[in-house]
Amino acid sequence: MENKDAIKKQLIKIFGVDFVSDKQHDLYMYSYDATECKAFLPDFICLVENTDQVVKVIELANNEKISLVPYITGNNIGGLTIPVKGGIILDFGKKMNKIIHVDETQMYAILEPGVTFGQLDVYLRKYHPNLRYCYPFAPPFSGVVGNAILSGMNNLSTAHGSMGDWINGLEVVLHDGSVVKIGSCFTKDFRKDNWYSRYPMPDLMGLFVNWQGMTGIVTKCAVQLWLRKKINTFIIAMTYGINATVEIIREFGRTELIDDLSAVSVEVAKMSLDFPMPRKWDFEPDYAILIPISAHSQKHLQVKLELLQDVVKLINKRVERNVILTDFNYLSAILGEGVRCFADLPNVVIPLVEYSGLTWVGCYAPITNLEKLMEGGKKIFEKYEVPAFIYMKSMKGSHYAIWRPIIRYKKHEEEAKTHDMCKELLEMGLKHGIVPYKTPIWMAEYMKEYIIDPNWVRFLGDVKSFMDPNNIFNPGRWGL
Amino acid sequence: MGIIKKELIKNLSNASKIALPSSIDRCIRCNTCKYAKDQYYKSCPSGEKFLFESFWASGRIKIARGILNGDIPITEELYDAVFACPTCGACEISCQAPHNDTIVTIIESLRELIVDSIRAPERQSKMFERIESHHNPYNEPHFDVDEIKKKYVLPDKAEIVYFIGCTSNYRQQTIRDATLSVLKKLEVDYTVINEHCCGSPLIRTGQVKNVFNLMQHNMDEIRRSGAKLILTSCAGCYRTLSKDFPKFGYEFSSEIKILHISQYLNEYFEKNPFPLRQKDTNLLITYHDPCHLGRHMGVYEAPRQLITKIPHLSLIEMERNRDLAWCCGSGGGVKIGYPEWALEVATSRLEEAENTGTEIVVSTCPFCKTNLKDAAIAQKSTMEVMDLVEILDKYLP
């Protein structure tokens with residue numbers, strides 16, 4: 001970069017001398033993440049505090065043709081904040097992390113980008129105990145807004161779908177520095193009480209959701225909250241074989257009786273019990289399916305459980321070995337508290353933090369093809385001699401599913417092997433209709449070459465060019 | 001990723017030769033180390049102050065990795081990110097990864113690597129020079145052990161050695177005197193030795209070249225005393241004698257036990273009734289957990305139990321207590337390296353103590369007392385800062 005000193009001076013003017021760094025070790029922090037995605041160094045790190053600073057830095061970036069990469073906590077598992085073209089990391093996680101407003105009646109919260117799940121959970125429990133948000137299968141210090149605008153899944157997904165579906169409004173700074181409010185909050189003045197809906201106006205939200213920061217910088221986000229019911233408990237289904245597992249995922253999802261449903265291969269359950277490289281024994285069930293259920297009363301809960309038992313009875317008539325449905329609280333008391341990390345979200349899911357590397361082929365998937373995906377995925381895990389870590393979920397009443405093979409690895413030693421494994425999983429999955437979410441660049445490029453209609457690719461590029469003529473917003477993503 | 005540059009670590013202590021390469025494949029930066037687990041409130045003084053990723057535990061592990069990979073050059077530019085940390089260990093409590101109990105060791109090893117490769121930051125290096133010349137980090141003339149022995153009529157050999165520690169011996173002498181007095185009042189068979197610095201300030205700041213001599217000297221002195229029990233009134237000395245001596249190859253024989261004075265006195269008053277003095281007034285106190293006693297050594301309850309055994313004392317806890325306690329800000333070389341920031345951290349703790357509605361904040365570490373007291377003076381606070389043994393001495397007839 002030719003005029004780095006001059007740019008640094010301008011950044012210091014915008015953010016303050018204590019909140020801009022170009023020191024090698026500070027840059028290094030943001031050059032890679034847990035995934036096997038290639039590392040790139042940024043040129044500057046800036047700690048953002050307010051929207052005004054974002055407006056000014058966008059003006060600077062346009063003038064200097066330097067890229068801007070928004071960053072919250074870097075836990076996306078997609079390499080999404082690795083600055084592939086260098087430039088400025090805008091770190092929102094440290095100072096721009098206020099919960100601006102919670103509307104108790106209309107059940108939404110307006111958040112700054114840096115708010116984390118742990119922070120929101122504590123805040124709601126303290127000040128709005130009747131409300132809850134949702135929590136992903138991720139550390140408590142993952143960003144809410146980042147997850148929402150990347151359509152992350154969560155522990156209410158079987159009932160309500162992805163977090164992207166629950167965004168009521170956004171405040172975004174566009175390429176020309178204008179600040180635009182999207183959703184029912186689109187009035188001239190800022191009001192806390194009108195962030196209640198995304199519709200019915202033309203849905204401009206789609207210009208930002210799932211775009212990985214390529215079209216503008218989000219500075220506020222309103223997310224829907226949900227009633228925290230009186231009873232929140234868990235049951236667990238243990239299944240033998242692929243058919244029984246998929247039957248439970250599909251049929252339970254359709255009942256509208258449960259909050260969520262997460263199926264993990266039995267090896268994963270063992271990982272949380274301190275088995276370092278667990279294997280499944282023949283006599284053991286293949287999958288453990290954790291099912292959070294909420295209810296207004298014991299009677300309500302009882303009815304739900306009876307109806308679910310009826311579903312199991314029907315399934316058991318169709319499968320080779322019976323599905324075991326039991327109380328998770330009882331099971332966890334026997335197995336040990338370690339397994340509760342999957343249930344008591346937000347929480348650190350222990351198996352995910354045991355190595356220095358973590359990656360996945362995280363996908364939305366047609367629920368009709370789960371059997372093929374499970375079978376294909378298992379073979380690839382076996383080929384690479386890695387314990388199967390497969391995570392699946394019924395989404396939004398079983399309209400679709402999540403299929404997510406997860407790979408924990410030693411980053412220093414096993415990146416190349418891990419990438420090969422991911423590529424095989426991707427290729428196999430694409431044959432069965434998956435669409436990777438929080439899509440890493442290499443996956444997007446693979447899909448553009450082999451799968452996606454060129455007209456879609458061209459249209460994507462056209463929209464990007466319109467939204468970001470100088471290509472300053474997180475360039476390189478989706479190969480743009 | 002590249003190959004570990006082994007030549008960088010060839011001169012380091014054995015502990016660091018193990019700890020540093022282990023950092024290369026640790027930590028996915030899940031950020032859990034940044035805040036108190038489950039409660040989600042602030043727990044890392046360094047990260048909260050400086051904010052950049054490099055100033056949190058996960059960042060320091062990454063720095064170690066980057067240096068060993070050859071991605072980060074060792075220059076003075078690294079000083080703040082590596083040395084501006086009180087190594088309080090709050091990150092170790094929050095982190096849920098398998099390496100959680102090695103984070104402080106990795107940070108200390110990283111400091112050792114930097115000191116070995118370039119030199120220690122100027123302020124911290126003064127401690128090294130002072131300990132070399134006077135056996136204490138305060139540049140005070142070496143204390144006269146015979147004078148203390150004479151004053152308290154202490155024998156040359158005894159069952160117990162009271163290892164005074166430099167901060168009590170040269171700065172917070174009221175803690176030393178109170179400890180000597182309490183042990184005397186309880187008719188304990190103890191003595192003191194011609195001790196040198198335990199080595200803690202050097203280990204915490206990566207200046208380990210001289211610690212072997214210090215440890216050898218202190219071990220020889222303790223052996224000569226014939227003691228089977230070493231008592232410390234300093235949380236830092238307690239940690240160093242218990243954990244760091246073995247780490248550097250100086251392990252006491254299994255016959256020799258090491259206890260912090262709060263543990264010893266708590267056990268003592270389990271067996272012996274507390275002698276009552278009638279005229280004492282009731283006192284409301286709050287207790288500050290020293291990092292070196294609490295998180296580093298797991299001693300949380302003994303001081304509290306001792307407090308409850310003292311008539312007329314009532315303990316009111318601060319919001320952040322035990323393993324979630326906010327650090328006083330003085331450890332890890334921060335008090336000498338970053339005095340103003342150390343005071344800020346202590347001020348925050350003092351405010352938390354004031355919020356309990358008590359009048360006295362009690363600790364069990366002379367270094368915590370120093371920094372909290374400095375904060376109280378700077379803030380013109382009416383909160384009194386005392387060591388538990390000082391209170392005990394007042395209450396014992």
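Proteins come first, then strands; the chains are lettered A, B, ... in the order of their sequence lines, and each starts at number 1.
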- Walk me through it: do A:Y28 and B:R65 pass the test side chain to side chain donor-acceptor pair (under 3.5 Å)? CA-CA 10 Å; A:Y28 181 70; B:R65 181 179 192 269; 3.3 Å; yes

- Supply the atom-to-atom distance A:Q24 CD to B:S54 OG, rounded to the nearest 0.5 angstrom. 10.5 Å

- Query: Atom CD in B:Q96, atom CD1 in A:I350: separation rounded to 0.5 Å?
  - Reply: 5.0 Å

- Item | Validation row: A:P140, B:Y40 side chains within 4.5 angstrom (heavy atoms) | yes

- Of the non-hydrogen atoms in B:I28 and A:A34, which two are nearest, and what is the gap between them? CB-CB, 3.9 Å

- Item | Whether A:K411 side chain and B:D25 backbone form a donor-acceptor pair below 3.5 Å | no

- May I ask you to decide if A:T73's main-chain N or O and B:N31's side chain share a donor-acceptor pair within less than 3.5 Å? yes

- Task: Answer yes or no for A:K94 and B:F50: cation-pi contact, defined as NZ/CZ to six-membered ring centre under 6.0 Å and angle to ring axis within 45°.
- Result: no

- Message: Please classify the contact of B:Q39 with chain A as side chain, backbone, both or neither, using a heavy-atom distance under 4.5 Å.
- Response: backbone

- Contact class of B:C27 relative to chain A, heavy atoms under 4.5 angstrom: backbone

- Query: Can any side-chain N or O of B:R29 pair as donor or acceptor with the backbone N or O of A:S356 at less than 3.5 Å?
  - Reply: no

- Message: Could you measure the distance from the CG atom of A:N347 to the CG atom of B:D38? Nearest 0.5 Å is fine.
- Response: 6.5 Å

